[in-house]
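None of these values were measured; they are calculated from a predicted model.
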Amino acid sequence: MAKIPSLASKPGFMTSAMLLFCLLVAIPNTTSATVGVCYGLRGDNLPSKQEVIALYNQHNIQIMRLYGPDHDALQALDGSNIELMLGVPNEDLKGIANGQAVADAWVQNNIKNYPTVKFRCITVGNEINPWDSAAPFIVPAMMEKIQNSLNAAGLGIKVSTAIHTGELAESYPPSKGSFKTEYKQILDPLIGFLVKNNSPLLVNVYSYFSYIENMKNIHLEYALFTAPGPVVFDQKLQYQNLFDAIVDAVYAALEKSGGGSVEVVVSETG
């Protein structure tokens, strides 16, 4: 199995994950993990964008995920050291996929107009299923439009999308990880794009959902990172928590789908 990170060896990362609950973004690779927080804008009596940025800086939160462009938030990020994962909302994919000029305008308005914002990644769509109206447009919007706009502007920003772990057909043991057949129509061209562009796959990983759907076989301690020792044994690997096992199942599924070189980025968890 290629490039399976051992997150269990990073106690600082796991502690932060528990403290930040579902607002965490993790960027794992084979040597390090960086923690960030998703910035949701739906709600009442929200703090100002400047107050939010100050809170990130106060707690040394280095990465922010925005689910769509917000110009007040982008202005507040100007000149900060916070790296941004900026989303293209699902409802915008059709227009972008059908017109390069639309993609060029999106990149101009939301990226090029903010030259001192540190853009880490553009997330084109979030948890799109094959039956969703946006499904036919996700790869064209990424491959033919947003990536072209970024390349033409000379911006070395990665482009990806976020999937959910419900797309796994099998995840136990992790080495048997595979994707559901009905998702292949989206995932096969998507994985090809990621391999070609050396881009990561973003995955929203929620151990809680796996636990409540299979409480008979999954112990609570295993889901909460509190198991006293390894719980799952898979060939030469041992798993002390469900989070690591799910991430490795995604790696195994990628490898079976021609994406063995693709890095997994955990874009949400809780």
Side-chain angles (χ1 to χ4, degrees), residues 4-8 10-29 33-43 61 63-68 85 87 89-90 121 123-132 138 160-174 176-180 182-183 186-187 190 200-227 231-232 234 239-254 262-270:
I4 298 179
S6 178
L7 296 181
K10 301 176 177 65
F13 167 78
M14 292 304 179
T15 301
S16 298
M18 297 305 293
L19 289 174
L20 294 172
F21 299 100
C22 64
L23 300 178
L24 174 146
V25 177
I27 314 295
N29 57 38
T34 306
V35 175
V37 173
C38 300
Y39 183 12
L41 295 171
R42 295 181 180 179
I61 299 168
I63 300 175
M64 173 186 290
R65 181 182 179 187
L66 275 176
Y67 291 89
M85 298 171 64
N90 294 357
C121 179
T123 309
V124 181
N126 183 60
E127 295 191 349
I128 295 176
N129 298 302
W131 52 86
D132 293 337
I138 180 171
S160 188
T161 191
I163 69 169
H164 58 83
T165 55
E167 300 184 28
L168 290 170
E170 197 170 358
S171 59
Y172 179 84
K176 289 188 177 293
S178 62
F179 292 118
K180 292 177 179 176
E182 59 264 36
Y183 282 87
I186 293 176
L187 290 173
L190 168 62
L201 175 66
L202 311 185
V203 185
N204 299 336
V205 179
Y206 287 92
S207 305
Y208 171 76
F209 294 135
S210 299
Y211 168 70
I212 61 170
E213 291 170 2
N214 192 12
M215 294 175 65
K216 181 178 178 181
N217 296 311
I218 298 177
H219 297 293
L220 182 60
E221 294 82 2
Y222 184 56
L224 293 179
F225 305 96
T226 57
V231 176
V232 170
D234 184 9
Y239 294 89
Q240 197 167 336
N241 66 78
L242 181 58
F243 180 94
D244 284 359
I246 293 172
V247 171
D248 278 10
V250 175
Y251 270 111
L254 278 169
V262 175
E263 183 180 44
V264 171
V265 168
V266 179
S267 45
E268 291 180 19
T269 193

Only counting residues at least two apart or in another chain, list the ones meeting side-chain hydrogen bond (donor to acceptor under 3.5 Å, both in side chains) with E167.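 E167 satisfies side-chain hydrogen bond (donor to acceptor under 3.5 Å, both in side chains) with no other residue.
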Holding to side-chain hydrogen bond (donor to acceptor under 3.5 Å, both in side chains), I want the full list of residues that pass it with N90, two or more places apart in sequence or in another chain.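 With sequence neighbours excluded, N90 shows a side-chain hydrogen bond (donor to acceptor under 3.5 Å, both in side chains) to no residue whatsoever.
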Any pair counted as side-chain hydrogen bond (donor to acceptor under 3.5 Å, both in side chains), so long as it reaches residues 208-220, sequence neighbours left out: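 side-chain hydrogen bond (donor to acceptor under 3.5 Å, both in side chains) check on residues 208-220 returns N214-N217.
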Quick check for you: to the nearest 0.5 Å, what is the distance between [X] atom [atom1] and [Y] atom [atom2]?
X	Y	atom1	atom2	answer
L201	L187	CG	CG	7.5 Å
I163	I186	CD1	CD1	10.0 Å
N204	F209	CG	CZ	10.0 Å
L66	L41	CG	CG	6.0 Å
S171	K176	OG	NZ	12.0 Å

Is [X] reaching over with its side chain to a backbone N or O of [Y], donor-acceptor style, under 3.5 angstrom?
X	Y	result
K180	E170	no
T269	V205	yes
T161	G125	yes
S267	L202	no

Over all atoms of both residues, closest heavy-atom pair of [X] and [Y]:
X	Y	answer
V262	Y251	O-CE2, 3.5 Å
F179	L254	CE1-N, 3.7 Å
P200	S160	O-OG, 2.5 Å
S207	A223	CB-O, 4.1 Å
R65	A162	NH2-CB, 3.7 Å

Who passes side chain to side chain contact (heavy atoms under 4.5 Å, CB included) against [X], sequence neighbours left out?
X	result
A227	E221, V231, Q240
N129	W131, D132, H164, Y183
V232	Y172, P174, Y222, Y239

Just one of V247, V266, T165 clears the side-chain contact (heavy atoms from CB on, under 4.5 Å) bar with V203, so which one? T165
